[in-house]
Amino acid sequence: MAKDNELLASVSDASIESEFFSPFPPGYKKGKTKYCVVVGTVMSGLGKGIFSSCLAKLMQDKGLKVAPIKLEGYLNIDSGTLNPFRHGEVFVLDDGMECDMDLGTYERMLDLDLTKDNFTTSGQIFSTVLNKERHGDYLGRDVQMIPHVTGEVKLKLRTLAQKSGADIVFVEIGGTVGDLENAYFIEAMRELAYEEGQNSCCFVALTYILEPKTLGEQKSKAAQLGIKQLLQLGIQPEIIACRATSPVSEKVRQKISLYSNVPFERVFSMSDSPSIYTIPAGLRDSGIDFGVLRLLKIEDRIDLRHERKAWAKWCDFTDRIGTAKREVVIGVTGKYTTVRDSYASIINALEHAGIALGCNVKIKWIETSSVNDANVAGELSDVDGIIVPGGFGTRGAEGKIACIKFAREHRLPYLGLCFGFQMAVIEFARNVCGLKNANSTEVDPRSTLPVIDVLPEQKKIEGLGGNMRLGGRDVEIKPDTIAWELFGKASSVRLRFRHRYEVIPSYIEQFEKAGMIFSGKAPNHPIMQILELPSHPFFIGTQAHPCLTSRPLRPSPPFAGLVAAALQKRFPADNLPDPVKAVQKIYTYNP
Ligand code: GLN
């Protein structure tokens with residue numbers, strides 16, 4: 001009540017003409033940061049994130065500071081509750097933010113650790129606006145989509161610009177132009193461009209060129225209509241990138257140019273590419289990077305010497321793509337096997353490891369619901385290594401345990417990630433330590449022998465919504481173990497986590513006596529984070545998700561180790577180095 005009175009008093013003091021909300025953070029200077037806004041037309045799933053990250057990479061190579069941000073139209077506050085089957089994997093940032101998989105693309109392409117400042121959803125925007133309203137921050141004004149909600153979006157972008165000191169903020173708008181969900185984001189971008197002034201924002205429309213099999217030629221109508229929709233929203237794109245299966249013909253590009261007021265030389269073709277890591281070269285060849293620089297009038301900020309060096313390093317990496325002489329098959333068990341996006345980071349981490357080791361990694365997806373001890377040998381007969389990735393719930397758990405048992409007994413290289421780490425502990429407890437009923441309370445809540453249970457710290461907060469242990473954590477590495485060798489003999493490494501369950505500490509001694517080594521643990525807590533079997537060619541499990549921090553030029557050591565072990569197994573006559581030596585040869589680990 002007292003607060004309400006204060007509020008009313010301040011309202012009556014204020015002029016009814018003034019606006020109390022400013023979309024500018026204090027001290028913001030226009031012109032320092034430019035904005036490159038990427039929107040999609042025709043359909044979603046065109047790879048806006050890939051395009052935007054590749055363009056950002058070219059700018060970063062030129063010595064410019066870049067900061068990406070993805071704006072998601074959905075009302076969820078973060079991506080933590082989203083089903084990866086529908087929406088692709090949940091990517092976890094070092095600060096614990098659960099976000100869209102595109103953030104993974106940005107981290108990998110730019111070799112940056114991003115934060116919650118690089119990701120927002122409508123849920124976050126609206127919740128901030130509503131909190132401000134309850135707090136009385138709008139001082140008697142009716143809270144509106146414009147200026148308050150669009151203002152909040154602009155404020156978010158400018159705050160990122162200011163905090164990061166970026167030369168260019170890359171804004172990726174989720175969804176497609178014409179969606180109700182992202183319409184206010186697009187309006188906010190129109191306002192941003194107007195307020196920031198000429199040459200401060202560059203709009204890139206990513207569109208799709210259809211090529212119906214029955215016609216055998218490229219058709220531009222859908223693209224034209226999509227761009228028209230954008231024009232109707234008051235946005236004139238400066239650049240159009242045409243996605244298509246094959247290179248977009250000059251005729252089609254000319255049509256699009258005429259229809260959208262975009263000069264022909266700024267209508268680019270972007271056809272399918274076998275690896276996303278070769279896309280920057282394609283964009284560079286087309287001159288899109290200098291197109292953006294000229295539009296933003298920041299050619300004078302670039303450092304060409306920096307670019308020469310960065311580009312040479314990148315080309316050393318991309319030159320190796322597609323030149324592998326050997327191939328291995330890695331089996332990946334998982335229930336979301338129909339949607340590759342749900343395992344994007346694992347696929348990337350395997351690709352990084354393969355490129356570094358000069359081998360092609362083929363993935364065999366294994367649905368484990370019907371796998372058991374009797375048929376597992378057949379299921380795994382053609383794989384050279386196996387990954388049991390992260391997962392939740394009970395489906396397929398016994399099949400995964402059967403795969404792990406087979407891998408352990410038949411010296412098949414194994415990497416267990418999070419759930420796969422927990423399943424490896426259960427398998428070992430059951431089949432090596434004789435704890436026949438060992439299980440996880442996640443799989444069997446009434447288990448009489450839970451060796452995996454909810455973390456005590458999570459138990460305490462369970463009633464409050466039960467959050468997970470999320471984000472980057474330091475992992476203490478035990479000297480003279482395989483993990484220690486793989487991580488370049490570092491005493492501590494930083495990995496990312498997303499889990500609720502852990503190994504019950506009272507069993508650790510028993511497991512270690514039977515030959516399992518816990519080579520990584522949380523500092524100051526008995527939380528086991530890496531396990532290994534020294535008597536096996538390669539058997540590693542980790543409670544973390546090392547795939548989230550694998551980078552093109554710095555493959556994740558456990559992944560590289562797995563691929564190296566698979567290579568050794570597949571080509572016994574080739575005298576290949578063991579996993580530890582192979583990983584050490586790739587690079588000196590740089591935590
Ligand atoms: N479901 C397990 C847990 O919550 C594993 C989580 C995961 O694999 N990300 O601990």
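Keep in mind that the numbers below use all heavy atoms, side chains included, and drop hydrogens, waters and symmetry copies. Each ligand, and each atom within it, is numbered from 1 in the order the structure gives.
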Sub-4.0 Å atoms of ligand 1 with respect to non-hydrogen atoms of [X]:
| X | result |
| --- | --- |
| Arg498 | 6 (C), 7 (C), 9 (N) |
| Arg500 | 3 (C), 4 (O), 10 (O) |
| His545 | 9 (N) |
| His499 | 3 (C), 4 (O), 10 (O) |

With a 3.5 Å cut-off and no angle check, do the side chains of Asp100 and Ser79 form a donor-acceptor pair?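 Distance-only check fails for Asp100 and Ser79.
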Side-chain donor-acceptor pair under 3.5 Å between Glu532 and Ser519, yes or no?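 Glu532 vs Ser519: donor-acceptor pair found between side chains.
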Any N or O on Phe419 sitting closer than 3.5 Å to an N or O of ligand 1?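 Yes, since at least one N or O of Phe419 sits under 3.5 Å from an N or O of ligand 1.
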For atom 5 (C) of ligand 1, what is the closest protein heavy atom, and at what distance to 0.1 Å?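 I find the closest protein heavy atom is Gly391 O, 3.4 Å.
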How far is atom 1 (N) of ligand 1 from the closest protein heavy atom, and which atom is that?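 Residue, atom and distance for the closest contact: Glu442 OE1, 2.7 Å.
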Ring-ring centroid check His499 Phe421, cutoff 6.0 Å: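 Judged by ring-centre distance (under 6.0 Å), His499 and Phe421 do not meet the cut-off.
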Parallel, tilted or perpendicular: rings of Phe406 and His410 (30°, 60°):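 Rings of His410 and Phe406: parallel, as their planes differ by under 30°.
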Can you confirm whether Asn131 is buried at CG, in the sense that more than 12 heavy atoms of other residues, nucleotides or ligands lie under 6.0 Å from that atom?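 More than 12 heavy atoms, drawn from other residues, nucleotides or ligands, come within 6.0 Å of this atom.
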